[in-house]
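Protein chains get the first letters and strands the later ones, always in sequence-line order, with residue 1 at the start of each. These numbers come from the heavy atoms of this one structure, side chains and all, not from hydrogens, waters or symmetry mates.
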Amino acid sequence: MSEETKSLNFIEHIIEEDLANGLSKDKLRFRFPPEPNGYLHIGHTKAIGISFGLGERYQAPVNLRFDDTNPAKEEQEYVDAIKRDIEWLGYKWANEFYSSDYFHTLYNWAVQLIKDGKAYIDSQSSEAMSEQKGTPTQPGVNGPYRNRSVEENLYLFEGMKRGEFDEGTHILRAKIDMQHPNMLMRDPIMYRILKKEHHRTGDEWCIYPMYDWTHGESDYIEQISHSLCSLEFKPHRELYDWFKDNVYGYAAQELPMPPKQREFARLNLSYTIMSKRKLLKLVQNNIVSGWDDPRMPTISGLRRRGYTPNSIRHFIERVGVAKRENVIDVSLLEFCIREDLNKIAPRVMAVLDPVKLVITNYPEDKEEWLDAENNQEDESAGFRKVPFSKELYIERADFKEEASNKFFRLKLGSEVRLKNAYIIKGESVVKDNNGHITEIHCTYSTDTEKKVKGTLHWVSVKHAIKAEVREYDRLFIDEAPDAHPEKDFMEFINPNSLKTIEAFVEPSLLDVTIGDQFQFQRLGYFNVDDDTTSEHLVFNKTVGLRDSWAKQKPKAQQNNNENKPQQQQQKRPAIEVIKQLGKKYTNQPEAKQEKSKAEILKLAETVSYDDLQPLFNTAAKKVGTRIATLITLSVLLKNGQERNEDINTFIEKALDDKNDLLVAEAKIL
RNA sequence: UGGCCUAUGGUGUAACUGGCAACACAUUGGUUUUUGGUACCAAAGAGUCUAGGUUCGAUCCCUAGUGGGCCAACCA
């Protein structure tokens, strides 16, 4: 198990430290706590990978706990989908739990808190309460019901539970501190009245506990050692701990271990969105065909698209775990799926954009069944037969009447190999009235030992089977569709994310089952879609092959999204940029220095003396920063800044320096 | 007019927790190849946001600044 010391992420460091400090290894216990209000997506796989991965690493149990405290949003359908997805990823949970299992315990503890004067019933409107709550920059004030007697609180809480009050009339709040700098600590709500049927408890309850109250205590009840969640819950930790500390006294005997919450940065993928709410909108507005549309970043979408559990797990490993905001490039995901499929997907031939190829010296009625290797990466995959005849389909893009010798494919007068078959030579073309090529004529030679530069895939016209191929592009045209405060993410939907193609495939594919995966040679990886019937084959393009030829040609279509870095630079104050340029200045070659200097001169125009003044104290050894300061100063002086004592001493000190560049700049002044 | 988190190549994560930065993806060359795929080799790319401090020495510790993120749902 323990190979060379693999580097640990910060969570593993924490666990190792806890272990070193005496936590027994058999006390380790984790959990994955989804709310059953939507489908799991690629972002969740990070959380799943972390907690279940830790479980595997330390051989500790991992609970699957559905955080089902809001009957208005949650459904059994989602529970089932979530379980299916986690299983599919290959993870095993120790226990399947529900927060709703703990409603009674939670209720009893809440009563205890009331008795201890740590919770009270508030009976105001939500507007009134939110007003008293203050803002992040302003403290809140106490509400009029804050000091109700224990008896009254108890009486009302019981009434709430019995259904004697309407929704919105009373709530239970923890009594903490309305002036607390953390808004979550300003008497957070613990229970609200919700007269809704719950997918598990039915109509047993009409009050439901809130997240903060439920989640932490559920961890505690399950004796979770490390409760891991994403960064936006960091401010909740203080409340998590408050509840935990206060409840601990009620149950320390049976439940000795208080859990520990730690937070990591969630996964973001470029050109996609991760919010369940927004994904739901795509489904509801029929932008996609459903939660499992192959364009969706949901696990079910990825599965249908042809992603394998293996590839996703590798992806999550490579993405790493840390606490800073991150955006993962989709190319990493694509790399992971190619890596996996390359090893396991059988190769076949399919033509997506056909043009007819006639082999003029091949007998009219002849047909041959040639051997084709199923997968050169896997010897055990064996061979199959593919039919060859006089008329074939090849890709339109594989032919040009004439082209430079960087074009390895078929052109008139030169030779190319047909994969698994013969060598052919382009002879002539047949065109329609519009000059559109309808047929390519060629001759073949049986000497297959010949060295030729290109190899084409093909399908025999007579034997070809029709198939529908669905080719997908990213769902959004913007790198971060939901990161624009002014614009709705729906504005960035890519209208061309789905392309449906009538393709021809080799006859061996007549006999496939849903989910089968193939490499269409030279094109990419494809799988058999759920929509496939015995008469109608449907393939999804999972991902294309890497294509270093395609990279060479399209220079025309790279236009729009090259403005991110510039924006960032604009946002930084000029003086900050100058400092940075200065720091590197002395390490740069002369030409680059010139450029830096020009940039500093430009930026200096917008710098005020007050911004610059602190830099006069720069340590003597930081020559670059002092040079940048001098350059900036020269601009200020030119623009009418008067010389003063600070300026003069700074210049004098520079004149005294050993560094020639610095002295030179100082002399100018 | 606040609090908390965060800052390492284009991207993501490391750096035995103080000894001059590694791995993966992406990029660019090359070798092999009946997939312009795969595999293999190589190159380029950051001196760790800025300033000050502690130290013989800081990516790592302290302070401040700057940038980014989060926090005012009877959501989770």
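At B/G2, none of the side-chain N or O atoms of A/Thr135 fall inside 4.0 Å of OP1 or OP2 (strictly under the cut-off). One finds a side-chain N or O of A/Thr69 lying less than 4.0 angstrom from the OP1 or OP2 phosphate oxygen of B/A76. Side-chain N/O atoms of A/His13 include one lying less than 4.0 angstrom from OP1 or OP2 on B/A15. Note on A/Lys234: every side-chain N or O is 4.0 Å or more away from OP1 and OP2 of B/C4. Note on A/Ser7: every side-chain N or O is 4.0 Å or more away from OP1 and OP2 of B/C23. Within the 4.0 Å cut-off from OP1 or OP2 of B/U48, at least one side-chain nitrogen or oxygen of A/Lys583 is found. In this structure, A/Arg626 does not reach the B/A51 phosphate: none of its side-chain N or O atoms is under 4.0 Å from OP1 or OP2. Remark: A/Arg546 is not in phosphate contact with B/G36, judged by side-chain N or O atoms under 4.0 Å from OP1 or OP2. Between A/Arg417 and B/U33, a side-chain N or O to OP1/OP2 separation shorter than 4.0 Å is absent. Of the side-chain N and O atoms in A/Lys276, none sit less than 4.0 angstrom from OP1 or OP2 of B/A76. Listed pair A/Arg338 / B/G37 fails the phosphate criterion, with no side-chain N or O lying under 4.0 Å from OP1 or OP2.
Among the heavy atoms of the strands lying under 4.0 Å from A/Asp67 are primed sugar atoms or P, OP1, OP2 only; no base atom is included. As judged by a 4.0 angstrom heavy-atom cut-off over every strand, A/Asn9 is placed among residues touching the sugar-phosphate backbone only. Within the 4.0 angstrom heavy-atom criterion, no nucleotide atom of any strand lies near A/Phe315. Here A/Ile171 lies in heavy-atom contact (under 4.0 Å) with a base. A/Lys323 comes within 4.0 angstrom of the backbone, heavy atoms only, and of no base. A/Val321 comes within 4.0 angstrom of sugar-phosphate atoms only, judged by non-hydrogen atoms across all strands, and of no base. Residue-level contact check: A/Gln580 touches the backbone only, with heavy atoms under 4.0 Å from sugar-phosphate atoms and none from bases. Note on A/Arg347: a base of the nucleic acid sits closer than 4.0 angstrom, heavy atoms only.
B/A43 and B/G9 have their C1' atoms separated by 14 Å, given to the nearest Å. Distance check on atom C1': B/A51 versus B/A7 gives 15 Å, rounded to whole Å. B/C62 and B/G18 have their P atoms separated by 12 Å, with the value rounded to a whole Å. A gap of 26 Å separates the C1' atoms of B/U54 and B/A46, to the nearest Å. Across the C1' atoms, B/U27 and B/A44 are found 9 Å apart, a figure rounded to whole Å. As rounded to the nearest Å, B/U38 and B/G67 have C1' atoms that lie 43 Å from one another. A gap of 45 Å separates the P atoms of B/A64 and B/U28, to the nearest Å. Comparing B/G10 with B/U50, their P atoms are spaced 14 Å from each other, to the whole Å.
In terms of polar N and O atoms assigned as donor or acceptor, the side chain of A/His314 never comes within less than 3.5 Å of the base of B/A24 in a complementary pairing. Between the side chain of A/Gln376 and the base of B/U33, no donor-acceptor pair under 3.5 Å is found. Between the side chain of A/Arg522 and the base of B/G36, no donor-acceptor pair of N or O atoms lies under 3.5 Å. The base of B/G37 lies close enough to the side chain of A/Glu377 for a donor and an acceptor atom to sit less than 3.5 Å apart.
In this structure, the CG atom of A/Leu333 is 15 Å from the P atom of B/G12, given to the nearest Å. Whole-Å rounding puts the A/Lys622 NZ to B/U50 P distance at 8 Å.
In this entry the base of B/U17 is syn relative to its sugar, with a glycosidic angle within 90° of 0. Applying the 90° cutoff around 0 to the glycosidic angle, B/G47 is assigned syn.
An aromatic stacking contact between A/Tyr211 and the base of B/A76 is absent, as defined here by ring centres under 5.5 Å apart and ring planes under 30° from parallel.
Judged by the 6.0 Å distance and 45° axis criteria, A/Arg474 is positioned over the aromatic ring of A/Tyr271. Cation-pi geometry between A/Lys411 and A/Phe399 is not satisfied (NZ or CZ under 6.0 Å from the ring centre, within 45° of the ring normal).
Between A/Glu339 and A/Arg318, at least one side-chain nitrogen of the basic residue sits less than 4.0 Å from a carboxylate oxygen of the acidic one, meeting the salt-bridge criterion. The pair A/Arg522-A/Glu395 does not meet the salt-bridge criterion, since no charged nitrogen lies less than 4.0 angstrom from a carboxylate oxygen.
Both A/Val319 and A/Pro33 lie close to RNA chain B; mapped to their nearest nucleotides by heavy-atom distance, the more 5′-ward contact belongs to A/Val319.
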Residue pair A/Ser227, A/Arg31: steps toward the side chain to side chain donor-acceptor pair (under 3.5 Å) verdict | CA-CA 7 Å; A/Ser227 176; A/Arg31 110 265 91 118; 3.0 Å; yes

Check the pair A/Asn375, A/Glu377 against side chain to side chain donor-acceptor pair (under 3.5 Å), reporting the backbone distance first and the verdict last.
-> CA-CA 5 Å; A/Asn375 186 353; A/Glu377 305 296 319; over 6 Å; no

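Remark: the A/Ser331 side chain and the A/Asp329 side chain contain an N/O donor-acceptor pair separated by less than 3.5 Å.
Taking the six-membered ring for Trp and the full ring otherwise, A/Phe264 and A/Phe10 have centroids separated by 6.0 Å or more.
Nucleotide B/C20 forms no Watson-Crick or G-U wobble pair with any nucleotide shown, as no partner meets the under 3.5 Å limit on both distances.
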